[in-house]
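Below: the structure, in structure tokens.
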Protein chains: 2
Amino acid sequence: MSNLKQLAQSLGLSITTVSRALDGYSDVSAKTKARVLEAVAKTGYQPNASARRLRRQRAELVAVTLPTAPGHIGPPHFLDILSACAEHLAISGLNLVIAPVPRGQSELEMCRRFIDGQRVDAMLLVRTRRHDERVELLQSRGVPFVTHGRTESAKPHAFLDGDGFSGFRDATLRFIADGHTHIGHVAGPQEFSFAHHRRLGWEDALRRAGLASELMAEGEPTEHGGYAAAKALMSGPVKPTAILCATDEMAVGALRALREVAGGNTVCITGHDDLPMSAFTDPPLSTMRVTGEDIGVRIASLLLRAIDGEAPESLQEIHPIEFIPRASHCRSQRLADNDAGIHE
Amino acid sequence: MSNLKQLAQSLGLSITTVSRALDGYSDVSAKTKARVLEAVAKTGYQPNASARRLRRQRAELVAVTLPTAPGHIGPPHFLDILSACAEHLAISGLNLVIAPVPRGQSELEMCRRFIDGQRVDAMLLVRTRRHDERVELLQSRGVPFVTHGRTESAKPHAFLDGDGFSGFRDATLRFIADGHTHIGHVAGPQEFSFAHHRRLGWEDALRRAGLASELMAEGEPTEHGGYAAAKALMSGPVKPTAILCATDEMAVGALRALREVAGGNTVCITGHDDLPMSAFTDPPLSTMRVTGEDIGVRIASLLLRAIDGEAPESLQEIHPIEFIPRASHCRSQRLADNDAGIHE
DNA sequence: ATAATTTTCCAAAACGTTTTGGATGTCAAT
DNA sequence: ATTGACATCCAAAACGTTTTGGAAAATTAT
């Protein structure tokens with residue numbers, strides 16, 4: 001609509017001066033600056049984004065790659081995280097674009113398109129895999145990026161993660177303290193970083209207590225995955241009396257499986273994520289969550305610092321997990337009452 | 001990294017020719033076109049997005065405004081819709097940016113920033129209100145846009161909506177046919193278009209059947225909102241024997257409320273949206289969903305047509321709703337068995 | 001052989017900013 | 001009067017594309 005040229009002309013000033021007035025250079029007198037500001041306020045002038053981006057050689061954009069998994073895309077609270085992230089990025093003039101992987105294309109091709117076309121200043125990777133080819137690509141291109149979840153990459157990179165290991169270890173220890181000796185795990189796909197760490201935490205606690213860690217079933221990180229995995233666990237020769245699920249969604253599926261299986265309604269269960277709905281399941285789901293304020297905001301500030309050129313080593317955050325006790329982690333009252341009792 | 005100039009130089013061609021070869025003009029011989037394509041494949045050249053956007057006077061971007069509601073942002077399956085939409089837009093070279101409203105700013109200011117800065121070619125509005133100021137602004141600026149959900153705007157605009165009215169009317173009729181005479185409604189905030197239409201459908205069925213429509217409670221479109229509303233309904237002088245909830249999330253909350261209240265476990269209940277988790281509640285939630293293929297894809301194609309200048313009148317879609325029967329809509333077996341029985 | 005047409009190419013002008021490197025004028029110090 | 005310092009302004013270059021309006025070469029028609 002309106003551009004600098006017209007604005008300058010109407011004020012009898014040069015384009016340069018108007019531009020510098022708006023950018024707050026000391027270069028322009030207080031009087032003309034005021035005049036410019038007034039004119040801008042009146043016309044609602046906004047600099048053309050593409051032009052500024054071209055000149056500044058910054059895209060003012062950050063892309064988040066969404067792996068289009070079959071089924072649904074990610075934990076339901078994911079949009080909240082992205083929204084908070086976008087809101088925080090916007091303060092620094094950056095916008096967040098959603099970059100789902102087109103069908104028939106690899107995640108790699110997609111990343112390449114974005115960085116080679118200089119469409120973005122940085123990227124955000126979610127659903128990180130332990131060995132993630134996207135990470136390697138971005139590292140080799142020198143593009144700033146942050147991953148949600150660690151990887152096992154040799155070269156350090158910026159990431160934000162919850163301490164799933166400790167969270168699941170502590171939850172398992174809690175079950176052990178409650179007298180459980182058969183503690184199962186409904187695991188997410190082990191290629192995913194988050195799922196792997198949570199499993200390791202569960203295993204670690206069992207090992208320390210000298211308990212076997214064979215009661216594990218893996219499934220898709222969805223309600224159905226949790227359902228199927230829990231069914232598998234409950235149909236084995238040795239049945240668990242407590243189950244840690246990798247996510248709340250899986251736990252919801254597991255809850256249904258337990259409902260359908262004989263003796264299932266005394267099996268204790270926990271999830272992870274503290275989804276809004278988890279307080280409303282039957283029984284209300286005991287779960288965990290990353291402590292502190294919004295994850296999205298923290299991711300955003302990591303991204304900003306990465307763009308500013310900060311070293312990856314100093315951009316790695318692992319946040320503690322807090323346990324949200326509700327009803328589901330102590331269903332078998334016998335156990336909870338005589339807490340030292342051995343259960344079989 | 002690499003640009004047209006370098007590419008042209010290395011091929012001994014002009015910038016123009018290379019550019020036109022890539023855009024598929026008939027203007028360039030088959031042989032040189034092949035040479036160019038090969039060089040592009042080898043160097044991985046991608047045109048600089050900002051430059052192209054500036055020259056073409058298109059932002060190649062579509063923004064979706066996310067109302068940052070207190071609590072959570074939208075239905076959990078929302079990201080799936082956005083993702084599908086983004087994927088489809090990408091085919092035409094458009095990217096989807098998410099534009100949450102920064103705190104302390106109005107949705108209007110945010111829209112203005114985007115369109116005055118020519119940051120976007122079109123906008124997508126969700127959580128549409130019956131009287132939506134964003135719609136008026138965009139109409140007055142002549143920016144292409146599509147809303148998810150109708151409005152009561154006098155001027156027509158592009159939208160995609162489910163036929164919530166018919167969906168809820170039919171579901172209510174189904175309850176009536178099952179012999180229910182006290183049918184309640186856990187409603188969403190009536191300022192929202194979707195919530196209002198669903199209520200009207202419920203009311204319409206009751207009116208036709210000569211039944212009173214006073215058993216309604218309104219709440220936030222969240223689990224907790226549904227919980228509180230259902231509690232309110234169940235603590236009145238006349239209690240419903242069936243309840244239609246505006247969304248699955250509200251239904252999940254209502255289910256818990258019914259669990260906590262005497263006689264609640266025979267009250268029939270339905271939701272709307274068919275969230276993944278709805279098949280796993282106790283009892284499995286009977287619900288509804290928009291028929292046909294992915295909503296996100298359809299929104300995307302509406303957006304594309306709007307950008308192409310198609311008239312708003314021809315860009316209005318209301319899609320039928322299909323009922324997903326599970327267990328929750330016929331809990332009181334007495335009713336279901338003798339279907340003509342009067343219940344009190 | 002010449003004119004008309006088609007094919008193939010390209011120089012230069014945009015697009016709207018930001019930034020560089022002065023230019024002009026004012027004022028105080030010499 | 002000259003110099004230096006400072007305040008205020010601006011012309012022009014650049015960012016990397018796409019598009020316009022030809023120009024040169026090759027082909028066909030006369």
Side-chain angles (χ1 to χ4, degrees), chain A residues 1-37 39-40 43-61 93 95 113-121, chain B residues 1-37 39-40 43-61 92-95 113-121:
Chain A
M1 184 98 280
S2 76
N3 54 16
L4 263 193
K5 194 159 157 189
Q6 293 172 19
L7 195 62
Q9 229 150 23
S10 79
L11 285 166
L13 289 170
S14 78
I15 294 180
T16 309
T17 304
V18 178
S19 172
R20 311 206 96 202
L22 290 176
D23 275 10
Y25 280 70
S26 65
D27 203 330
V28 30
S29 76
K31 191 183 291 177
T32 51
K33 183 190 262 179
R35 274 212 305 147
V36 170
L37 256 40
V40 165
T43 61
Y45 166 80
Q46 284 275 123
N48 178 290
S50 303
R52 202 229 316 262
R53 289 165 176 168
L54 172 59
R55 174 62 231 225
R56 286 228 181 122
Q57 292 290 81
R58 292 165 128 267
E60 296 180 353
L61 251 35
N95 284 125
R113 268 234 328 280
F114 268 85
I115 61 186
D116 286 347
Q118 292 155 76
R119 292 165 126 72
V120 293
D121 298 323
Chain B
M1 186 96 278
S2 75
N3 55 15
L4 263 193
K5 196 160 157 188
Q6 293 172 19
L7 195 60
Q9 231 150 22
S10 79
L11 284 167
L13 290 171
S14 76
I15 294 180
T16 309
T17 304
V18 178
S19 172
R20 311 206 94 199
L22 289 177
D23 275 11
Y25 280 71
S26 64
D27 203 319
V28 31
S29 78
K31 190 183 294 179
T32 53
K33 182 189 265 182
R35 273 212 306 146
V36 170
L37 255 40
V40 164
T43 62
Y45 166 81
Q46 283 276 122
N48 178 291
S50 302
R52 201 229 318 260
R53 288 165 177 168
L54 172 59
R55 174 61 230 225
R56 285 229 181 120
Q57 292 290 81
R58 292 163 129 268
E60 295 180 354
L61 252 34
S92 304
L94 294 176
N95 284 126
R113 267 233 329 278
F114 268 86
I115 60 186
D116 286 346
Q118 293 157 76
R119 292 166 127 70
V120 293
D121 298 322

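Letters A, B, ... are given to chains in the order of the sequence lines, protein chains preceding strands, and every chain is numbered from 1.
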Can you tell me which nucleotide in [options] comes closest to the side chain of [X]?
{"X": "A/Asp23", "options": "D/dC9, C/dT18, C/dC9", "value": "C/dT18"}
{"X": "A/Ile15", "options": "C/dT18, D/dT17, C/dT8", "value": "C/dT18"}
{"X": "A/Leu54", "options": "D/dC15, C/dT17, D/dC9", "value": "D/dC15"}
{"X": "A/Arg55", "options": "D/dC15, D/dT17, D/dT19", "value": "D/dC15"}
{"X": "A/Pro47", "options": "C/dT17, D/dT18, D/dT8", "value": "C/dT17"}

Audit row: A/Asn3, A/Asn48, side-chain contact (heavy atoms from CB on, under 4.5 Å) steps and yes/no: CA-CA 7 Å; A/Asn3 54 16; A/Asn48 178 290; over 6 Å; no

Whole angstroms only, please: what is the [atom1]-[atom2] distance between [X] and [N]?
{"X": "B/Gln9", "N": "D/dG16", "atom1": "CD", "atom2": "C1'", "result": "14 Å"}
{"X": "B/Lys5", "N": "D/dT17", "atom1": "NZ", "atom2": "P", "result": "11 Å"}
{"X": "B/Gln118", "N": "C/dT17", "atom1": "CD", "atom2": "C1'", "result": "12 Å"}
{"X": "A/Gln46", "N": "C/dG16", "atom1": "CD", "atom2": "P", "result": "15 Å"}
{"X": "A/Arg119", "N": "D/dT17", "atom1": "CZ", "atom2": "P", "result": "12 Å"}
{"X": "B/Arg53", "N": "D/dC15", "atom1": "CZ", "atom2": "C1'", "result": "15 Å"}
{"X": "B/Gln57", "N": "D/dG16", "atom1": "CD", "atom2": "P", "result": "18 Å"}
{"X": "B/Asp27", "N": "D/dG22", "atom1": "CG", "atom2": "P", "result": "15 Å"}

Counting the atoms with a prime plus P, OP1 and OP2 as sugar-phosphate, which does B/Arg20 contact under 4.0 Å by heavy atoms, base, sugar-phosphate, or nothing?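 Answer is base: heavy atoms of B/Arg20 come under 4.0 Å of a base.
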
Contact class for A/Leu13 vs. all strands (heavy atom < 4.0 Å): base, sugar-phosphate, or nothing?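 Sugar-phosphate, backbone atoms only, no base.
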
Look at the side chain of [X] and the base of [N], then say whether one donor and one acceptor between them are separated by less than 3.5 Å.
{"X": "A/Thr16", "N": "D/dA11", "value": "yes"}
{"X": "B/Arg52", "N": "D/dT17", "value": "no"}
{"X": "A/Asn3", "N": "C/dC15", "value": "no"}

Atom of A/Leu61, atom of B/Arg53 and distance for their closest heavy-atom approach: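 Between these two residues, the closest heavy atoms are CD2-NH1, 4.0 Å.
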
Which atom of A/Arg119 lies closest to which atom of B/Glu60, heavy atoms considered: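 For A/Arg119 and B/Glu60, the tightest heavy-atom pair comes out as NH2-OE1, 4.1 Å.
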
Hey, does the side chain of [X] come within less than 4.0 Å of [N]'s phosphate (OP1/OP2), counting only N and O?
{"X": "A/Thr32", "N": "D/dT8", "answer": "no"}
{"X": "A/Thr17", "N": "D/dC10", "answer": "yes"}
{"X": "B/Ser50", "N": "D/dG16", "answer": "no"}
{"X": "B/Tyr45", "N": "D/dG16", "answer": "no"}
{"X": "A/Tyr25", "N": "D/dC9", "answer": "no"}
{"X": "B/Ser14", "N": "C/dC10", "answer": "yes"}

Reading DNA chain C from 5' onward, which residue's closest nucleotide shows up sooner: B/Arg56 or A/Ser19?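 Mapping each residue to its closest nucleotide by heavy atoms, the 5'-most match is B/Arg56.
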
If you measure from CG on A/Leu54 to CD on A/Gln57, what distance do you get to the nearest 0.5 Å?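 Answer rounded to 0.5 Å: 6.5 Å.
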
Which residue in the set A/Arg56, A/Arg52, A/Lys33 passes salt bridge (Lys or Arg N to Asp or Glu O under 4.0 Å) when paired with A/Asp23?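 With A/Asp23 as partner, salt bridge (Lys or Arg N to Asp or Glu O under 4.0 Å) holds for just one option, A/Arg56.
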
Residue from A/Val40, A/Val36, A/Thr32 passing side chain to side chain contact (heavy atoms under 4.5 Å, CB included) with A/Val18: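 Of the listed options, the one satisfying the test is A/Val36.
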
